[in-house]
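We number each residue from 1, following the sequence as shown. What you see is a predicted model; the values in this text were computed from it and never measured.
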Amino acid sequence: MRLTKNLLALVVLAIGALWSLQGIGVVGGSFMTGQSRWLYIGLAAMLVGLAGLVWANRPRG
């Protein structure tokens, strides 16, 4: 179960990073390219992914 939580959190983190890069225009080929709204949405998704990693790896006890 811990592996699944980590993988899900990493996927959310990666998608957030992609959206952020598209928002600032580094990654092209999408309607999101160059739109700063996607930078902020991507950053929020990355924070959710990081929080998921912390939650998945918190000490049990």
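- Annotation: the span from L18 atom CG to W38 atom CH2 amounts to 10.5 Å, rounded to 0.5 Å.
- Within the 4.5 Å cutoff, no side-chain heavy atoms of V27 are placed close to those of T33.
- A chain of hydrophobic side-chain contacts below 4.5 Å, direct or via other Ile, Leu, Val, Met, Phe, Trp or Tyr residues, connects L43 to I24.
- From L50, atom CG reaches atom CG of L10 across 9.5 Å, with rounding to the nearest 0.5 Å.
- Across all their heavy atoms, K5 and A56 have their closest contact at CB-CB, 3.6 Å.
- If you chain together hydrophobic residues whose side chains sit under 4.5 Å apart, W55 and L8 never meet in one group.
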List the steps and the verdict of side-chain contact (heavy atoms from CB on, under 4.5 Å) for Y40 and W19. CA-CA 9 Å; Y40 301 120; W19 287 347; over 6 Å; no

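- Residue-environment remark: CZ (R58) exceeds the threshold of 12 foreign heavy atoms within 6.0 Å.
- Of all heavy-atom pairs spanning M46 and G16, the tightest one is CG-C, 3.5 Å.
- Side-chain contact between L7 and L3: present, with at least one pair of heavy atoms (C-beta onward) separated by less than 4.5 Å.
- Screening V26, L39, I41 for a side chain to side chain contact (heavy atoms under 4.5 Å, CB included) with S20, the sole residue that qualifies is L39.
- Counting heavy atoms from C-beta outward, R2 and N57 have side chains that approach closer than 4.5 Å.
- Contact between G52 and A9 at its shortest, heavy atoms only, is C-CB, 3.7 Å.
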